[in-house]
Protein chains: 2
Amino acid sequence: MTVPPERGPRERMVFSAAQLLRRGGVAAAGMREVAAHAEAPRGSLQHYFPGGKEQLVNEAVGWAGRYAARRVARFLAALPEPTPSGLFAAMVRQWTQEYEAAGFAGGCPVAAATVDCSQNTESTREAATAAFDAWTGAVADALTGMGVPRERAGSLATLMIGSLEGAILMARARRDVRPLTTVSAELGPLLDAAVESRSQH
Amino acid sequence: MTVPPERGPRERMVFSAAQLLRRGGVAAAGMREVAAHAEAPRGSLQHYFPGGKEQLVNEAVGWAGRYAARRVARFLAALPEPTPSGLFAAMVRQWTQEYEAAGFAGGCPVAAATVDCSQNTESTREAATAAFDAWTGAVADALTGMGVPRERAGSLATLMIGSLEGAILMARARRDVRPLTTVSAELGPLLDAAVESRSQH
DNA sequence: TCGCCTCTATGACAGTCGTCATAGTACGGG
DNA sequence: CCCGTACTATGACGACTGTCATAGAGGCGA
């Protein structure tokens, strides 16, 4: 969410759109501003995104979903011993670290797109569902890999991402990471209790 | 959230602003549109809200916070026997019922204001924190009344509202109430386990 | 050299936004 | 009757927005 890749102008614009989405919603992600933030020529917008702002926002949302799913895999790989609470703590920690290091400027771009467009712009709503699905799918896969029964894993993934999104909102409003640490601490035991310990049978 | 009070035009405009905020964020809550939705004269806007749109949005957010807190008290009073899981289920059910009856048009106005303004407009950010505080305070009070230890009640209230907000986002994106019912079902046992049963000591 | 394709540059258009200035109505007390 | 106060009406202004039309670079193959 922080490192701009050294790719071409098109990817830079998608990335910048996501970043501006995070800050102030779709209204704050103006086309001219996206181009400026990406240090990309304004004239390229209509070339790379003939679908206009709608396409740009949708791609930004899709990118964010894939990014989140990728992060889950990385967190999983970095855990000394994989537990659900450990994974959730890592997901939460990413946000607390950003907020403590760089301030509470940004939220989740998928949430922003959902809030601003889910009623008026069908395609953006679909992009948001796809992003959420990719994210929850990655978390659910990680949970099943830890021994959580398959039907339960999906529910817990929804719970994890839901409470994370809500905590992000409250943390940003209060300029305080405590909502994030709170949900992590409260949810930890519940998550770990869902793994079927083979010693139990 | 659904019944417009028969009050004066000023209150109607605040109410309408909240309702439009719910649908498409602050950008969708234009001044002219608020007046039209409230069936209030456009000329009254600058009279009742000399602080401009910022004031209008802030009052809408404050109204939403007080409304949410009031609802918690009502849910509590309507429970046959008050349990944390029962309260949470009632809070969630309000949203599932709205979505099943009226479609997924609206989200939480406080979330919308947070997403769109928390960086640029300090006063709106403060209004959002106040709304969240009022809401979590009401929930925490209800929990302590059920026998949840005081320091735990605040944390659980944050968890409840956080996961509710996140589930609202996902439900709206997917046009499916399942995220809401899922978090309610998954969180129920955890919540009820937090009441200090006096038979346990 | 020519033609072609990818990409960029720039100005203009129509629309919407929040805000303001100004004038007008309604009404209640003096 | 008159004046002040509360509220409404309306048009205009400037600052945006997303989109488009048009034209210009730059490279690459033939």
Side-chain angles (χ1 to χ4, degrees), chain A residues 5-21 23-61 109 112-113 115-117 119-125 127, chain B residues 6-61 109 112-113 115-117 119-125 127:
Chain A
E6 284 290 347
R7 304 287 163 67
R10 207 202 120 102
E11 292 189 42
R12 286 207 315 272
M13 286 193 272
V14 173
F15 175 83
S16 291
Q19 199 144 341
L20 294 178
L21 263 182
R23 284 165 167 53
V26 292
M31 304 290 279
R32 292 165 173 83
E33 202 164 352
V34 166
H37 182 277
E39 294 180 279
R42 201 195 103 198
S44 301
L45 275 169
Q46 68 175 306
H47 182 255
Y48 289 120
F49 307 97
K53 183 173 189 177
E54 189 173 329
Q55 179 186 358
L56 178 59
V57 169
N58 295 355
E59 294 203 22
V61 169
V115 163
D116 287 338
C117 305
Q119 195 213 2
N120 303 326
T121 317
E122 253 288 305
S123 69
T124 303
R125 206 212 82 231
Chain B
E6 285 288 349
R7 303 288 163 68
R10 208 202 120 104
E11 293 190 41
R12 286 207 313 273
M13 286 193 273
V14 173
F15 174 84
S16 291
Q19 199 144 341
L20 294 178
L21 263 182
R22 274 162 46 86
R23 285 166 168 51
V26 291
M31 304 289 278
R32 293 165 173 83
E33 202 165 351
V34 166
H37 182 277
E39 294 179 283
R42 182 169 84 88
S44 300
L45 275 169
Q46 68 175 303
H47 181 254
Y48 288 120
F49 306 96
K53 184 174 189 177
E54 189 173 328
Q55 179 185 359
L56 178 59
V57 168
N58 294 356
E59 294 203 21
V61 169
V115 163
D116 287 338
C117 305
Q119 195 213 2
N120 303 326
T121 317
E122 253 288 305
S123 69
T124 302
R125 206 212 82 231

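Residue numbers start from 1 in every chain, and the chains themselves are labelled A, B, ... in the order their sequence lines are given, proteins ahead of strands. As a basis for the values below, the full set of heavy atoms in this structure was taken, side chains included, without hydrogen atoms, waters or symmetry mates.
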Original post:
Rounded to whole angstroms, how far apart are CZ on Phe49(B) and C1' on dT8(D)?
Top reply: 15 Å

Original post:
How many Å lie between CG on Asp116(B) and C1' on dG18(C), as a whole number?
Top reply: 16 Å

Subject >> Nearest listed nucleotide, side chain of Arg32(A), among dT17(D), dA12(D), dT8(D) >> reply: dT17(D)

**OP:** Consider the side chain of Arg42(A), meaning its heavy atoms from C-beta on, and name the nucleotide among dA9(D), dC20(D), dC17(C) that approaches it most closely.
**Re:** dC20(D)

Subject >> Candidates dT8(D), dG18(D), dT8(C) - which lies nearest the side chain of Pro9(A) >> reply: dT8(C)

Original post:
dC7(C), dT19(D), dA9(C): which one has an atom nearest the side-chain heavy atoms of Lys53(A)?
Top reply: dT19(D)

Original post:
side-chain contact (heavy atoms from CB on, under 4.5 Å) between Tyr48(A) and Gln55(A): does it pass, once the steps are laid out?
Top reply: CA-CA 10 Å; Tyr48(A) 289 120; Gln55(A) 179 186 358; over 6 Å; no

Original post:
How far does CG of Asn58(A) sit from CD of Glu122(A), to the nearest 0.5 angstrom?
Top reply: 10.5 Å

**OP:** Let me know, please, whether Ser44(A) or Pro50(B) comes out on the 5' side of the other along DNA chain C by nearest nucleotide.
**Re:** Ser44(A)

Original post:
What integer distance in Å separates Met31(B):CE from dC13(D):P?
Top reply: 20 Å

Original post:
Do NZ/NE/NH1/NH2 and the carboxylate oxygens of Arg10(A) and Glu59(A) come within less than 4.0 Å?
Top reply: yes

Original post:
Nearest-Å distance, CZ (Arg10(B)) to P (dA6(D))?
Top reply: 14 Å

Original post:
Taking the side chain of His47(B) as its heavy atoms from C-beta onward, which of dG18(D), dC17(C), dT8(D) lies nearest to it?
Top reply: dT8(D)

Original post:
Given dT19(D), dT10(C), dA6(D), which nucleotide is nearest the side-chain atoms of Gln46(A)?
Top reply: dT10(C)

Original post:
Do Thr121(B) and Glu54(B) pass the side chain to side chain donor-acceptor pair (under 3.5 Å) test, and can you show the C-alpha distance, the side-chain angles, and the key distance before you say yes or no?
Top reply: CA-CA 8 Å; Thr121(B) 317; Glu54(B) 189 173 328; 5.4 Å; no

Original post:
Just by distance, do the side chain of Arg42(A) and the backbone of Ala35(A) share a donor-acceptor pair under 3.5 Å?
Top reply: no

Original post:
Whole Å only: how far is the CD atom of Glu54(A) from the P atom of dT17(D)?
Top reply: 19 Å

Subject >> Asn120(B) CG - dG18(C) P separation (whole Å) >> reply: 15 Å

**OP:** Take atom CG of Leu45(A) and atom P of dA9(C), then tell me their distance rounded to the nearest Å.
**Re:** 11 Å

Subject >> Rounded distance (Å) that lies between atom P of dT8(D) and atom OH of Tyr48(B) >> reply: 5 Å

